Structure formats: C-alpha cells, structure tokens
*Asks:* 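One structure, as structure tokens, below. Some questions next.
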Amino acid sequence: KEKEHEPERKRLGGQLMTFYEDKTQETKETIEEQEKEKTQIQNKIQESKEREDTSKQQYQKVLDEITESKTKIKIFDRQEDDYNDRFKENFRRNIVGEYEAGALEIAKEKYQNQYTEAKRNLTQHKKRKEELVEILHGCQRKLEDDRAEKLQLGFEEENQKKQHEEYDRQLKERRIIMRYIDEPEKEIWNLDRLIAAATRKVSEAERVKRILEQEENELQKEWKKLTSGKLLELPQEFEDSLKELDIHYVYGMDWLDKNSYSEKENLELVRKQPFLPYSLIISRQEIERFVKYNKKELYISFPIPIIAKEELEHAINKDSDSLVSFDGICFYMLFNEKLLNEKELQILINQKTAEINSKKEQIKTKTQEHEEYLKKREELKNQTVTLENYNDLQNREQELENKKQENEKAIEEHLKEQKTFNEEQQNMEVLIEQEKQQCSFMEEREKEFDRFCEDYVLYIEEIKKQELKEQEKRRLEDQIKL
C-alpha cells in the first residue's frame, strides 16, 4: 500500500518541492527586489544627501563669492575716494552704484584735451625760452658792442682832452710869448704875425748882443793891454815877419813895467818919449836887418811906432802937451800916467775887469734873452693850434658828447631790455617747470584714470556677478528648503 502511495508521494513531493522552490524563488526574487529597492532608496537618500551637501557647498561658495564681490565693490569705493583725493576730482556714482552714461568718456576726453593743451603750451614756452636765449645773446652782444663803443669813446675823449689841454697849453704859452713880443690879445690867432714879431725880437736881441760883444772885446783888449803892457796891437802879418827874421822886440809899456826905473823916472821918460808906451822897442841893428831883409809888402792900416833901444833916453818932446807935432803932422797923445803906478794900474785893471764882468753879464742876459726869443719863436713855429682846428676840436668834442649820451642811452635801454628778457626768461623757466610738473601730473592722471576705468569695469562686472550670485543664492536656498 505504501508502495501504492509512493508515486503519489513523489508527485506530491515534487509538486511541493516545485511549489516551495517557486515560492523560494519568488521570495528570493522579492528579497532581491526589496534589496534592490532598498539600495535604490539608499542611493536616492545618498544622492539627496549628496545633493544637499552639494547645494550647501554651492550655497556657501555663493555666499563666499558674494562676500568677495562686496569686498571688491568696497575696494572700488576706496579707489574712487583715493582718485578723487589725489587728482582733486568729484566722481560720484548714482543710486544704482554706476556713473552716468558717458561720464567717464567725457572725463577722459577732457583729460586728453587738457594734456594736449598743456603739452602745446609747454612746447610753445620751451620755444619761447630758446628764443629768449637768442634774444638775450643778442642783448649781450649789443651791450658788448655798446661797452666797446663806450671804451672807444672814452679813448677818443681822453685823446680830445689831451688835445684840448695841449691847445690850451699852447694858447697859454702864446699869451705869455705875446707879452714878450708886445703883441695884443686880439692877434692871438695871427700866428704869422706873432712869428714875425718874435723874429724881430730875435734880430734886435742879436744886434744888441753883437754890439755888447764888440764892446766886451774892446774892453778885453784894453784889459789885456793893461795886464800885458801891450798898448800896441801888431798886425799878425807884421808880427810873423818879425819872428821869421828872428827880431826881438819889446812893447814899450811892457818895457816901462819891467825896467828898473822908478815911477818918477819912467814918468819923466814917457814925457820925453810920448810914443814910448805905444811903440815897439827894437835894437838899432835889428831895425836895420828888418829893413834890409824883409821882402814882403806889408800893408798896415795904422802907423807902428818903433824906437831904437839905444835912443830911449833921447828927448823928443820936452812939453807935456797932448798934441805932438812932427813936420806939420799932429798926433793926439794923452798917456794915462796912472799906468806907471802899480797900485793905480791895479785899480785900473780891477775897474776894467769889473767893466768886462758887467759887460759879460749884459751879454749873458742878452744871450739868454736872444735864446729865449729863439725858443719862443720855435715854440710858435711848432704850435699847431689855430682858430680853425680849435673850433674843429670843440665841434668834435660836442659830437663826442652827443655820441656819449646816445651810447649811455643805448646801454640803459639795452640793460632795461636785458632785464625785461631776463625776468621773462626766469618766469618762463618757472612756468616751464610748473608745466612739466603739470604735464607729468596729467600724464600720470591719464594713466591712473585708465586704471580707474579698468577698475570701474571690474567693479561693474562684480556688481553683475553679485546680482547673479544673489539669484544663485536664492535658488540654492529654495533648493535646500526642499
């Protein structure tokens, strides 16, 4: 029976096994499905968590970026204030934080125009400075020329002054000379007349001098006769003939002086022989020899008394009359008997010496006067001043004075001109330096303005970024809330 049921059991067992296997498979599949769903849910939870974390991270990042944008926007605030302070500007944004449309472009154009104008002014002023350098060089050359002319005029003035002094000296000398030559003041310019008058004075002084010299010569002869005993002056030719024939002779006066007779005896002898003091004393033998051997024709202008030595004591004239007569011929002979007295002779010699000295003084004075007139005449001849050249000098002095005044005026004007241009040059240098600084300032301002505009562009971008981040922030906040 059990065997009968075995197939059934196997069938049922098979069905159950299939059923359980199916159930097991189904359960297994259900578990797997649930595991899969679990995994999916876990994955979704993880994904959601991750999305949340990512959103939070993105949110935080957005917050950080918003903070960074705000910081950058605030930095531009400082940049704006710094630029306004540095360049004395007043850039202000409107309520939405932006500059009015075109404001920066207008400012840039204004800067460019100002910089262009400043550079043009600088260029013009530099050119003017160069012109002033040339102008001042010209002024300096003019002043140098003026000063050279002034120096030359000074030389001319000195020469004219010397010429004037020379003319005045000549005129002063001429007036003195005119007093010497007895010419009136009105003839001061008549040089020919003055020279002629001086020549007359020279001639007159020379004439008087010759007369005095002749008188002095006569006095010398008389003195010589007194001191030498030679009252007789022999013609030279006659004296030479005596020497040639070796004839010894003695002058009568010399014989009287040297003989051994007393003064009284000599006086008595002279009275007996009136010709004795004026004669030659020669021995009789020598007289005959002279007559015999003298072959020369000796012509004389006066008779020469000759007394034979042997006949000295023979009386010729016993009278003491001053007229001595020989065969109807009378001779005036008055001998100065004082010549025979030594003391009286010395007195006569002294008197004659005094007369000679006096005459010499007169000659000396007249010689000096003659030389002085000669000198004055030569001075007149050497003088160059005439009425014509004196007036010409005065005219040239006046012309020179006018030139000096013109020169002084030119120097004053050129100095004033130089001072004006110097002041302009100094002012120009100050102005150029200021304009250089201004151009540097404007150039720096333009560069800084370009950076300022770049910063403004970045600032605008930051504002736009901030708006986008704010939108992103709101989106992330909504997303996180979900």
Side-chain angles (χ1 to χ4, degrees), residues 33-122 433-482:
E33 183 68 27
Q34 287 179 348
E35 285 294 331
K36 185 178 181 179
E37 288 179 359
K38 179 181 176 182
T39 299
Q40 289 177 348
I41 290 171
Q42 286 178 342
N43 288 337
K44 286 182 180 180
I45 291 172
Q46 184 65 33
E47 288 176 359
S48 176
K49 185 177 179 182
E50 288 177 357
R51 282 197 301 272
E52 183 179 356
D53 291 341
T54 299
S55 296
K56 285 182 179 180
Q57 288 176 359
Q58 290 177 345
Y59 183 75
Q60 186 60 45
K61 182 179 179 182
V62 168
L63 287 177
D64 292 341
E65 290 176 348
I66 289 172
T67 300
E68 183 179 358
S69 292
K70 287 181 178 179
T71 300
K72 289 182 178 180
I73 290 170
K74 287 183 179 180
I75 288 174
F76 184 76
D77 290 342
R78 289 197 303 273
Q79 289 173 335
E80 182 185 63
D81 290 338
D82 291 342
Y83 185 85
N84 285 334
D85 291 340
R86 183 176 177 184
F87 298 105
K88 310 302 179 188
E89 290 291 353
N90 189 29
F91 286 110
R92 292 291 180 263
R93 288 160 286 171
N94 56 25
I95 195 169
V96 296
E98 297 179 1
Y99 294 121
E100 297 297 332
L104 295 180
E105 287 76 7
I106 293 171
K108 184 174 182 63
E109 183 179 1
K110 182 183 76 171
Y111 288 165
Q112 289 176 341
N113 292 337
Q114 289 177 346
Y115 185 42
T116 301
E117 180 68 17
K119 287 193 294 183
R120 183 166 56 250
N121 290 338
L122 179 60
E433 187 60 32
Q434 291 175 346
E435 288 178 340
K436 283 182 179 178
Q437 294 176 2
Q438 188 179 23
C439 285
S440 297
F441 171 80
M442 290 181 175
E443 183 179 8
E444 183 66 21
R445 184 179 66 176
E446 279 200 44
K447 291 179 181 178
E448 290 297 323
F449 185 74
D450 289 341
R451 284 194 286 270
F452 180 73
C453 290
E454 291 173 1
D455 292 337
Y456 178 69
V457 171
L458 295 176
Y459 162 76
I460 294 299
E461 290 176 355
E462 288 298 328
I463 290 178
K464 290 179 180 179
K465 283 181 182 180
Q466 184 181 6
E467 290 177 353
L468 292 175
K469 295 302 178 182
E470 290 290 345
Q471 292 177 4
E472 180 67 14
K473 174 188 171 187
R474 288 191 293 270
R475 185 185 68 75
L476 289 173
E477 285 177 347
D478 292 341
Q479 183 175 347
I480 291 172
K481 288 178 181 179
L482 293 176

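Here the structure is a predicted model, which means the values were calculated and not measured.
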*Asks:* What is the distance from atom OH of Tyr83 to atom CG of Asn90, rounded to the nearest 0.5 Å?
*Replies:* 12.5 Å

*Asks:* Quick one: does Lys72's side chain get under 4.5 Å of Leu458's, heavy atoms only?
*Replies:* no

*Asks:* How far apart are the closest heavy atoms of Gln466 and Ile73, and which atoms are they?
*Replies:* OE1-CD1, 2.9 Å

*Asks:* Yes or no on side-chain hydrogen bond (donor to acceptor under 3.5 Å, both in side chains) for Asp64 and Gln60, after CA distance, side-chain angles and deciding distance?
*Replies:* CA-CA 6 Å; Asp64 292 341; Gln60 186 60 45; 3.1 Å; yes

*Asks:* Under 6.0 Å from the CD atom of Glu109, do we count more than 12 heavy atoms belonging to anything else shown?
*Replies:* no

*Asks:* Do the non-hydrogen side-chain atoms of Lys108 and Asp450 ever get within less than 4.5 Å of each other?
*Replies:* yes

*Asks:* Apply salt bridge (charged side-chain N to carboxylate O under 4.0 Å, His left out) to Arg475 and Glu472, showing your working.
*Replies:* CA-CA 5 Å; Arg475 185 185 68 75; Glu472 180 67 14; 2.2 Å; yes

*Asks:* For Asp82, give me all partners under side-chain contact (heavy atoms from CB on, under 4.5 Å), at least two apart in sequence or on another chain.
*Replies:* none

*Asks:* Please list, chain by chain and in numerical order, all residues satisfying side-chain contact (heavy atoms from CB on, under 4.5 Å) with Asp85, sequence neighbours excluded.
*Replies:* none

*Asks:* In Å and rounded to the nearest 0.5 Å, what is the CZ to NZ distance from Arg78 to Lys74?
*Replies:* 9.5 Å

*Asks:* Kindly confirm or rule out a cation-pi arrangement of Arg93 over Tyr459, judged by NZ or CZ under 6.0 Å from the six-membered ring centre and within 45° of its axis?
*Replies:* yes

*Asks:* Output, in order, the C-alpha distance, side-chain angles, deciding distance and verdict of side chain to side chain contact (heavy atoms under 4.5 Å, CB included) for Gln438 and Gln434.
*Replies:* CA-CA 6 Å; Gln438 188 179 23; Gln434 291 175 346; over 6 Å; no

*Asks:* Do Glu68 and Lys469 make a side-chain contact, defined as non-hydrogen atoms from C-beta onward lying under 4.5 Å apart?
*Replies:* no

*Asks:* Enter the distance from Glu454:CD to Gln79:CD here, rounded to the nearest 0.5 Å.
*Replies:* 11.0 Å

*Asks:* For the aromatic rings, using the six-membered ring if either is Trp, is the centroid distance between Phe87 and Phe449 under 6.0 Å?
*Replies:* no

*Asks:* Would you name the heavy atoms of Lys110 and Glu89 that are closest together and state the gap between them?
*Replies:* NZ-OE2, 4.1 Å

*Asks:* Does any non-hydrogen side-chain atom of Gln114 lie less than 4.5 Å from one of Tyr111?
*Replies:* yes

*Asks:* Which residue in the set Glu467, Lys61, Glu470 passes side chain to side chain contact (heavy atoms under 4.5 Å, CB included) when paired with Ile66?
*Replies:* Glu470

*Asks:* Going from CZ on Arg445 to CZ on Phe452, what distance comes out if it is rounded to the nearest 0.5 angstrom?
*Replies:* 13.0 Å

*Asks:* Main chain of Leu104, side chain of Tyr456: is a donor-acceptor contact present, judged purely on distance under 3.5 Å?
*Replies:* no

*Asks:* Go through the structure and list residues passing ring-ring contact (aromatic ring centres under 6.0 Å, His included) with Tyr115, not counting sequence neighbours.
*Replies:* none

*Asks:* Provide the closest heavy-atom pair for Cys439 versus Leu122 in the form atom of the first, atom of the second, distance.
*Replies:* SG-CD2, 4.0 Å

*Asks:* Taking the side chain as C-beta and beyond, is there a heavy-atom pair between Lys436 and Glu433 under 4.5 Å?
*Replies:* yes

*Asks:* Quick one: pull up CD in Glu462 and OG1 in Thr71 and give me the separation to the nearest 0.5 Å.
*Replies:* 9.5 Å

*Asks:* What is the distance from atom CD1 of Ile460 to atom OH of Tyr99, rounded to the nearest 0.5 Å?
*Replies:* 9.0 Å

*Asks:* Is there side-chain contact between Arg92 and Glu80, with heavy atoms separated by less than 4.5 Å?
*Replies:* yes

